[in-house]
2 protein chains.
Amino acid sequence: MVNQQKDTEQKIMDAAKEVFQQKGMTGARMQEIADKAGINKALLHYYYRTKEKLFEKVFNIAFSIFIPRMQEIMLSEKPVFEKIEFFIESYMDLLTKHPYIPGFVINELNRNPQILVNIFEKNIHIKESNLFEKFDAQIQAEVQKGIVKPIDTRNLMTNVIGLIVFPIVARPIIQGIMFDNDKKQYDAFLKQRKDFVKEFIINSIKA
Amino acid sequence: MVNQQKDTEQKIMDAAKEVFQQKGMTGARMQEIADKAGINKALLHYYYRTKEKLFEKVFNIAFSIFIPRMQEIMLSEKPVFEKIEFFIESYMDLLTKHPYIPGFVINELNRNPQILVNIFEKNIHIKESNLFEKFDAQIQAEVQKGIVKPIDTRNLMTNVIGLIVFPIVARPIIQGIMFDNDKKQYDAFLKQRKDFVKEFIINSIKA
DNA sequence: AATTGGTTTAACCATTTGGTCAAATTTAAG
DNA sequence: CTTAAATTTGACCAAATGGTTAAACCAATT
């Protein structure tokens, strides 16, 4: 059955995602992935020859999840404030659905910064479109028009992304220290934070 | 010689720090730590019986580096704005000296959130002094006095810490995407960012 | 029914890895 | 100098781990 193949491959990917994102490349075990996918370990190597290759695929998919939305928002014709608000809203939702990915990406990128280069080589369009420079141009234009305070775009973007991502990757610490390790309370905190961050950012840059 | 012991133990700790912080608990190899310390692998186990125990010690030390300064600043008698500015200044400096620690801590805490509980058990004073509630009280007092905008302390602290830590833990990504992987440029960015973050935060909360 | 091609498995292998042990060496004390 | 205790080492071990292989299985084609 040609469908069985697709199915097995998908089961492997699902299992690999789970294990890799939770334990990292070095902590993951091929046997555990095989078990979780309900197959034999040899079958894993039949589909993805090495652990490295399997990991690379999982990493690429994880990383890719965050790219298209960014492009869509950044390249749209909205004014800066709207873009930022939409960006925050959109990515905080996305992270709620994929909370393990940022930590996973950050961690593995620290282990091996070279991966980024590989990704760029395989997805040239990401760098090609040069999102950053276009957004920077728009901001400086609105600064000229007196809508936005003079600001360095790199600092601003670091702030926006940081405020979104940090509470997710540092969840165990923040939840443990500031929320008595109460999961529900922290979920509520994250939900409530969406509007807070929007206001926080907009307030700080509006002229 | 009683001093040789101290020396060996220190050499082990230095080596262990380096390897664990760069490769994580699962990625680290006892052999590599021994090599880096210039000793036999068996000697490693003589001083720290298991990998787990050695790791725990390294983790505790790493985590502890960030606690005393926080207590000192938070419990001082300064007004909120000064505390925040001093906090940012102080921790950005500290992170420049120990850039690997935050990623290390975040990563290992995701792998095993239980570690935090153990640390609290061994360093009860951290929780006991209840920094958070005292700082919260001070802020609400200054809100009453009309110095600070009404604000949720947890959100504020998450922002402050996030803006400080994020550019460090996500360095490979940000540097790669926004700075053409130019190390010197990114170091300059971090240096310049200190005042930027201070202004950014203060601006957003002053009444 | 026989053949063919992809899929799946059980058994196996080589290497790595955390950990142990008995012997050797060094250090401090009597 | 002798002795006893602490320190250090080389050799070794059992388990875990990524990976391989040959055979079995299964669906579709002739």
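All values below come from the heavy atoms of this structure, side chains included, with hydrogens, waters and symmetry mates left out. Proteins come first, then strands; the chains are lettered A, B, ... in the order of their sequence lines, and each starts at number 1.
The distance from atom NZ of B/K53 to atom P of C/dG19 is 10 Å, rounded to the nearest whole Å. Between the CG atom of B/D7 and the P atom of D/dT7 there is a distance of 13 Å, given to the nearest Å. Regarding A/L44, its CG atom lies at a distance of 11 Å from the C1' atom of D/dG19, rounded to whole Å. Note: CD (B/E52) to C1' (C/dG18) measures 12 Å, nearest angstrom. As a whole-Å value, the separation of B/K51 NZ from C/dT20 C1' is 17 Å.
Residue A/F104 comes nearest to A/Q21 through the heavy atom pair CD1-CA, 3.6 Å, listed as atom of the first residue, atom of the second, then distance. When all heavy atoms of B/F87 and B/I73 are compared, the closest pair comes out as CA-CD1, 3.8 Å.
A donor and an acceptor atom, one from each side chain of A/N60 and A/E56, are nowhere located under 3.5 Å apart.
For the pair B/K83 and B/F135, the cation does not sit on the ring face, since its NZ or CZ is not both under 6.0 Å from the ring centre and inside 45° of the axis.
Atom CZ of B/F86 has 12 or fewer heavy atoms from other residues, nucleotides or ligands within 6.0 Å.
Of the candidate nucleotides D/dT20, C/dG18, D/dT7, D/dT7 has the atom nearest to the side chain of B/Y47. Looking at the side chain of A/H45, the nearest of the listed nucleotides C/dT7, D/dG18, C/dG19 is D/dG18.
Checking the phosphate oxygens (OP1, OP2) of D/dT8, a side-chain nitrogen or oxygen of B/T8 falls inside 4.0 Å. Under 4.0 angstrom from either OP1 or OP2 of D/dT7 there lies at least one side-chain N or O belonging to B/Y46.
Salt bridge absent: A/K41 and A/D35 never bring a charged side-chain N and a carboxylate O closer than 4.0 Å. Between A/R171 and A/D187, at least one side-chain nitrogen of the basic residue sits less than 4.0 Å from a carboxylate oxygen of the acidic one, meeting the salt-bridge criterion. A salt bridge is defined here as a Lys NZ or Arg NE, NH1 or NH2 lying under 4.0 Å from an Asp or Glu carboxylate O, and A/D195 with A/K198 meets this definition.
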Discussion item. Walk me through whether B/I168 and B/Y100 qualify under side-chain contact (heavy atoms from CB on, under 4.5 Å).
Written reply: CA-CA 8 Å; B/I168 302 290; B/Y100 278 99; over 6 Å; no

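Counting only Watson-Crick and G-U wobble pairs whose two key distances fall under 3.5 Å, DNA chain C forms stems of three or more stacked pairs at C:1-30 with D:1-30.
Near-neighbour residues of DNA chain C inside residues 25-42 of chain B, defined by a heavy atom below 4.0 Å, number-ordered: B/A28, B/R29, B/M30, B/K41, B/A42.
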